[in-house]
Amino acid sequence: MNVLRCRKGRTHASALIAVLLGVLLGVAPIPDRLPTTANAAPGDIGYAGPSYAGDGQDATGEKPESKLWWNDGLWWAALFDTASGTHHIFRLNRSTHRWVDTGTMIDNRPGTRSDALWDGTRLYVASHVGATSSADATWGNPARLYRFSYNPATKTYAPDAGFPARINNVSSETLTIDKDSRGVLWATWAQDSEIYVNSTTAGDARWGSPFVIPVAGASTVSSDDISAVVATRGGRIGVMWSNQPESTVYFVNHTDGAPRTEWIVSNTPVGDPGLADDHISLRSLDADPTGRVFAVVKTSLDDVDPSLSTAPQILLLASNPATGTWSTATVGELDDCHTRPILMLDAEHQMLHVFLTAPDSGCPFSGSAGTIFHKSSPMKPMSFPAGRGTPVIRDTLSPTLNNVTSTKQSVSGATGLVILASNNDTGRYWHADLALKP
């Protein structure tokens, strides 16, 4: 059984003392700034973090994107710095539960949203101007790729020369990146009700021309649909997207080293009426040579018939690379009112962890809105317990906590599991720090 434990925080004064002692003892080599945090109210779960005032709504969105990463025994995040009005690299002080601004800037544009990838050597952050849907996308707002090198002696990141590089020239609701086994970076997004991809052609800073994936179902999506990209250890890049007009979730593969426009269509993961929605979190196991892919998606059955209380609202999808088939498991039902799920993989314990917000706005069933819940299942056989799950982040004074995010990487007992969410009422980040045990 997995045991999850939220670590207890300290006061702002004790956190400051801890940082000063760290500097004196030589374990905190950089003069970090300690951000302001909100006071906890009775019944709160998790930890209130810095403000993101000036960065717009849903600071930890969008659904397929990852704002956190694990490196050198530390958790890091791409967060907004209100003082400068720019996005910076922060690191988590787990003893004080404060996000510490390292001062390294990512994007200087407020209102952008990012997807972070740590490949073991360098940090990549794709940052795009947000759009509510592909119908609201505007030209002249490029998605940028930033690359950083890490110095373990000073525990700092430095921007690499030649970056940012331009991925595309249009705003988008979401944009995700990953790197294949040959070092090629890939990005995907929805544009003009079509699913686009792009890739690097000669080094990380040179991108080709974006193109629509040349397969069925990629040019018939709604303006509300989204996509996500994932690299597998089986030597392939995969792209998954929702197609609500066809009630289908599609998945295609590209073999590393093949021509950019050559894609292999997988069996349809989801293809029944009402089962497609624009909520996708896509993952692969870091150390799985078979190339297994997992995803958590939301259905639209609540729009078809909200009275179907036991119909699946959130589904877990698992691929079988040998057969090209997919298996499914229900994570939550309509009466659980889950929304905006993300999936995390615990490779060490072979566990699936899903984090979601509930109850959703407009939910006809009872509950305290704005709580981030956790549910888990073995990877094989997949079986999630009934109900909304275990609450792991809650602001008792506000119903608008939402948009949970974490890292692309697989996690373990050594890393623990940090998740991040945002509260649009207060304009503050919130996080939870969970221990993973068998």
Side-chain angles (χ1 to χ4, degrees), residues 1-9 27-28 32 45-47 49 60 64-79 89-100 102 114-125 148 150-152 155-157 176-179 230-233 281-288 292-294 296 341-356 372 374-379 389-390 392-393 404-421 429-438:
M1 184 177 79
N2 275 35
V3 178
L4 295 114
R5 180 180 68 250
C6 285
R7 303 169 187 261
K8 296 183 178 180
V27 296
D32 299 318
I45 304 173
Y47 304 91
T60 50
E65 298 170 358
S66 301
K67 316 298 184 194
L68 278 60
W69 64 98
W70 166 266
N71 172 35
D72 196 19
L74 298 166
W75 280 90
W76 308 83
L79 305 181
I89 295 174
F90 284 66
R91 65 175 177 84
L92 180 62
N93 184 327
R94 298 179 89 173
S95 64
T96 63
H97 277 284
R98 290 335 194 241
W99 286 102
V100 180
T102 68
S114 62
D115 188 46
L117 166 68
W118 171 254
D119 73 348
T121 303
R122 284 191 169 90
L123 170 67
Y124 299 88
V125 181
F148 301 85
Y150 181 69
N151 185 334
K155 299 191 184 302
T156 58
Y157 293 85
T176 59
I177 58 170
D178 214 333
K179 176 186 273 193
V230 67
T232 74
R233 298 308 162 260
S281 179
L282 184 63
R283 298 284 186 264
S284 67
L285 277 173
D286 289 346
D288 184 359
R292 277 188 300 170
V293 171
F294 298 87
V296 62
I342 68 164
L343 173 64
M344 298 298 298
L345 306 182
D346 179 350
E348 178 185 7
H349 305 116
Q350 292 291 290
M351 293 292 293
L352 303 166
H353 298 279
V354 178
F355 298 90
L356 355 70
I372 307 298
H374 166 257
K375 300 189 76 172
S376 63
S377 163
M379 291 183 183
T390 302
V392 289
I393 306 180
V404 63
T405 187
S406 189
T407 176
K408 297 177 183 294
Q409 300 154 287
S410 298
V411 293
S412 66
T415 67
L417 178 48
V418 174
I419 58 171
L420 185 74
Y429 296 104
W430 280 71
H431 78 274
D433 188 353
L434 311 174
L436 298 177
K437 295 183 178 181

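V354 and P341 get closest at one heavy-atom pair: CG1-CB, 4.2 Å. When all heavy atoms are compared, the tightest approach of R233 to L285 is CG-O, 3.6 Å. Considering every non-hydrogen atom in both L436 and S412, the closest pair reads CD1-O, 3.7 Å. Taking every heavy atom of both residues into account, W69 and A78 meet most closely at CZ3-N, 3.6 Å.
Atom OG1 of T415 and atom CG of D346 lie 7.5 Å apart (nearest 0.5 Å). Rounding to the nearest 0.5 Å gives a distance of 14.0 Å between OG of S410 and CH2 of W70. Once rounded to the nearest 0.5 Å, the distance linking CG of L420 with NE2 of H431 reads 8.5 Å. Within the model, atoms CH2 of W118 and OG of S66 stand 15.5 Å from one another, a figure rounded to the nearest 0.5 Å. For the atom pair T176 OG1 and L282 CG, the distance stands at 8.0 Å (nearest 0.5 Å). Atom OH in Y429 sits 9.0 Å away from atom NZ in K67 (nearest 0.5 Å).
Residues T60 and V404 are not in side-chain contact: their nearest non-hydrogen atoms beyond the backbone lie 4.5 Å or more apart. Contact check for Y157 versus I89: side-chain heavy atoms found under the 4.5 Å cut-off. Residues Q409 and L68 are not in side-chain contact: their nearest non-hydrogen atoms beyond the backbone lie 4.5 Å or more apart. For the pair T405/E65, no side-chain contact is recorded, criterion being any heavy-atom separation below 4.5 Å from C-beta on. At a threshold of 4.5 Å between non-hydrogen side-chain atoms, the residues V230 and R283 do not count as touching. Side-chain atoms of V125 and L117, non-hydrogen and from C-beta on, never get closer than 4.5 Å to each other. In this structure, the side chains of T102 and W76 come closer than 4.5 Å at one or more pairs of heavy atoms. At a threshold of 4.5 Å between non-hydrogen side-chain atoms, the residues S406 and L417 count as touching.
E348 places a side-chain N or O within 3.5 Å of a backbone atom of G413 that can act as its donor or acceptor partner. The main-chain N or O of R98 is never found under 3.5 Å from a side-chain atom of N93 such that the two would form a donor-acceptor pair.
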Please step through side-chain contact (heavy atoms from CB on, under 4.5 Å) for the pair L343 and L352, ending with a clear verdict.
-> CA-CA 7 Å; L343 173 64; L352 303 166; 4.3 Å; yes
Where do M351 and M344 land on the side-chain contact (heavy atoms from CB on, under 4.5 Å) test, with the steps shown first?
-> CA-CA 9 Å; M351 293 292 293; M344 298 298 298; over 6 Å; no
List the steps and the verdict of side-chain contact (heavy atoms from CB on, under 4.5 Å) for L356 and I372.
-> CA-CA 5 Å; L356 355 70; I372 307 298; over 6 Å; no
side-chain contact (heavy atoms from CB on, under 4.5 Å) evaluation trace for L92 with V100 | CA-CA 6 Å; L92 180 62; V100 180; over 6 Å; no
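Remark: K375 engages no residue in a salt bridge (Lys or Arg N to Asp or Glu O under 4.0 Å) (not counting sequence neighbours). Not counting sequence neighbours, W75 has no partner by the side chain to side chain donor-acceptor pair (under 3.5 Å) test. The salt bridge (Lys or Arg N to Asp or Glu O under 4.0 Å) check on D115 picks up K408, with sequence neighbours excluded. Among residues two or more places apart in sequence or in another chain, the side chain to side chain donor-acceptor pair (under 3.5 Å) test is passed with D72 by Y150, K155. The side chain to side chain donor-acceptor pair (under 3.5 Å) search around S114 returns none, not counting sequence neighbours. Partners of Y124 under the ring-ring contact (aromatic ring centres under 6.0 Å, His included) rule, at least two apart in sequence or in another chain, do not exist in this structure. For R292, the salt bridge (Lys or Arg N to Asp or Glu O under 4.0 Å) criterion is met by D288, not counting sequence neighbours. T232 pairs by the side chain to side chain contact (heavy atoms under 4.5 Å, CB included) definition with R236, S284, V293, not counting sequence neighbours.
Aromatic ring pairs are classed by plane angle as parallel below 30°, tilted from 30° to 60° and perpendicular above 60°; the pair H353 and H374 is parallel.
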